[in-house]
Amino acid sequence: MTLFSFDNSYSRLPDHMFAEVAPTPVRAPELLVLNQELALELGLSENAFHSDELLQVLAGNAIAKGSNPIAQAYAGHQFGNFVPQLGDGRAHLLGEVISTNGERLDIVLKGSGPTPFSRNGDGRAWLGPALREFLVSEAMHAFGVPTTRALAVVATGERVQRETGLPGAIITRVASSHIRVGTFQYFAYRNDQQALQRLTEMAISRHFTSAEGPLDLLQAAVHTQADLIAQWMGLGFIHGVMNTDNCHVGGLTIDYGPCAFMDGFDPAKVFSSIDRHGRYAYQNQPDIAAWNLAQFAGCLLPLIGPEDTAIPLATDIVNSFVPRFHRSWLAVFGRKIGLEDAKQADRALITDLLNLMAAESVDFTQCFHALTTGNAAHLFNDNNRYAEWHERWQGRKPEANIMARANPAVIPRNHRIEEAIQAAVQGDLAPFAALHTALSTPYMEPSDKTLMDAPNEGEEVQATFCGT
Ligand code: AMP
Ligand code: MG
């Protein structure tokens, strides 16, 4: 049976832009989760869903007809330090398919074995990060945030050695491309203008078809990234590793490692265990995104023109991030308080609320959901200050139906993700499935109301770890 109709444009690029490499087979694969809705969009027929053929392909044990597995080359700034070669060290791009919506989509295995870019890594992933990425990326999609998607998680039947031995897994990721700022950096570092040109054309054709050259591409990337970060902020989302290799040129959320949604609101909140200086704290995300885009602009300079003209042009575009972000942030948070077209004057109304929330560590998601349902007052100890704010807010005539579409009832809270992972390691996928189901309609209250609860003191997850 033909599983997918592949058409692999990336592997038709010059062959120094990637490494041709097959996944390494695993011992005893088992399909743990399949995203059937996404599978159908990819053209997979229903009778393939539980076929051994699909399982073997998603495990990396068989190469599907038309697939031409490659590992992509990329570089990146990790926590501000440039690393000239990273690349897919444990991921294989199986190929691209045109979805039922007409979109060209990458199908990628992650955790599928070593590649020439693995350095000292084993090329594998364990079950925890695979399930975490599945839950969080699919929740992002349900929130309406641009993101990579998750098609499947396969258990490998093998152990991977981390601090301890853990069950191995492979996640299948689907995305409109995997072109990162770091992909451009790889070739810019090597003064490879031809590759930069090809990558520019590919980024345009896959993400911004009306763009006409590198300046347009930069402008489009700056705008979509600003809009993306505003959406993250509106959900209390902290990416955790906003390195340039994890910064998607097409404005998707990519690489769900030590990411998390905040419980109590704290603008300086950091989760990632490796982010010791808070570089990627919640409130720093817009600045970091702009910094990453400045690196992108630097890569494009040779394609734009002679430096004395290219630099001022590119600088202006990178500088447009800030006003675009502010506008987008106001729109996002305006809707969160029920205003369809929030005005400059509403900015203070929003920041005053956020300051009240921060002062008492009020739960971010619960607070906005309670504003929607009309019972936020009980979340605040300082009732007078809240009441004062509430009166000002009511003066702006907020609309509940706008808020209901902007404020999720349920988010993938860290303690619930951890609980789902712990159960899955013991062979029980029920908590994972329940969480996944609730997150597929996140603006509706779930039947299990405890999914809306903030963690108790003992349940709070303080640090999240890279998906290694
Ligand atoms: P990440 O932290 O997932 O963005 O990964 C950063 C870089 O390290 C990428 O080049 C990854 O492919 C590589 N990497 C991470 N974990 C592994 C692993 N277990 N084996 C090989 N490469 C890895
Ligand atoms: Mg990465």
Side-chain angles (χ1 to χ4, degrees), residues 17-19 21-24 26 60 69-94 106 108-134 136-137 140 147-148 150 156 158-173 175 177-187 189 238-250 252-260 271-276 279-280 288-289 292 295-296 463-468:
M17 296 178 72
F18 54 85
V21 55
T24 303
V26 298
I70 61 170
Q72 292 182 332
Y74 55 85
H77 277 93
Q78 297 188 311
F79 293 88
N81 304 306
F82 186 66
V83 184
Q85 179 165 314
L86 290 165
D88 290 329
R90 52 167 166 171
H92 294 80
L93 169 59
L94 298 183
D106 285 0
V108 167
L109 303 183
K110 182 172 176 184
S112 41
T115 77
F117 302 108
S118 298
R119 291 166 296 163
N120 297 319
D122 59 2
R124 294 298 183 189
W126 75 276
L127 182 59
L131 293 178
R132 167 182 278 273
E133 171 161 343
F134 193 106
V136 181
S137 65
M140 280 298 207
T147 179
T148 63
T156 61
E158 297 177 359
R159 307 291 284 179
V160 293
Q161 194 56 40
R162 296 295 179 258
E163 293 97 66
T164 62
L166 294 162
I170 297 171
I171 180 166
T172 307
R173 186 194 262 176
S177 91
H178 283 73
I179 306 174
R180 309 147 189 267
V181 167
T183 319
F184 281 83
Q185 289 180 295
Y186 182 93
F187 300 105
Y189 178 79
I238 302 170
H239 181 283
V241 250
M242 289 178 70
N243 294 333
T244 55
D245 54 303
N246 296 335
C247 177
H248 194 286
V249 165
L252 306 188
T253 313
I254 189 172
D255 224 321
Y256 293 87
C259 61
F271 282 101
S272 169
S273 60
I274 54 171
D275 190 2
R276 291 197 187 82
R279 180 179 170 91
Y280 300 143
I288 291 291
N292 289 345
Q295 308 312 310
F296 182 39
T464 48
F465 297 88
C466 254
T468 44

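Only heavy atoms go into these numbers, but all of them, side chains included; no hydrogens, no water, no symmetry mates. Note that ligands are numbered from 1 as they come in the structure, with each ligand's atoms numbered from 1 the same way.
Using the six-membered ring where Trp is involved, F117 and Y186 have ring planes that are perpendicular, over 60° apart on the 30 and 60° scheme. Ring pair F82/Y189 is tilted by interplanar angle, where 30° to 60° counts as tilted.
Close contacts of ligand 1 with R162, meaning ligand atoms under 4.0 Å from a residue heavy atom, involve 19 (N). Distances below 4.0 Å separate heavy atoms of G87 from the following atoms of ligand 1: 9 (C), 10 (O), 11 (C), 12 (O). Of all atoms in ligand 1, numbered sequentially from 1 with element shown, those under 4.0 Å from a heavy atom of D88 are 12 (O). Atoms of ligand 1 lying under 4.0 Å from at least one heavy atom of G123, given by number and element, are 18 (C), 19 (N), 20 (N), 21 (C). Ligand 1 places these atoms under 4.0 Å from at least one heavy atom of N246: 4 (O). The ligand atoms of ligand 1 that sit less than 4.0 angstrom from a heavy atom of Y74 are 9 (C), 10 (O).
By the 3.5 Å distance cut-off applied to N or O atoms, R90 is counted among the residues near ligand 1. In terms of polar-atom proximity, Q78 is not counted as a contact of ligand 1, lacking any N or O under 3.5 Å from an N or O of the ligand.
For the 3.5 Å distance criterion, the side chains of Q185 and T244 qualify, holding a donor opposite an acceptor.
With respect to the Mg ion (ligand 2), D255 has OD2 as its nearest N, O or S atom.
Look at N246 and the Mg ion (ligand 2): an N/O/S atom of the residue is under 2.8 Å from the metal.
A side chain to side chain contact (heavy atoms under 4.5 Å, CB included) with Y256 is found for one member of R132, H239, M140 and no other, namely M140.
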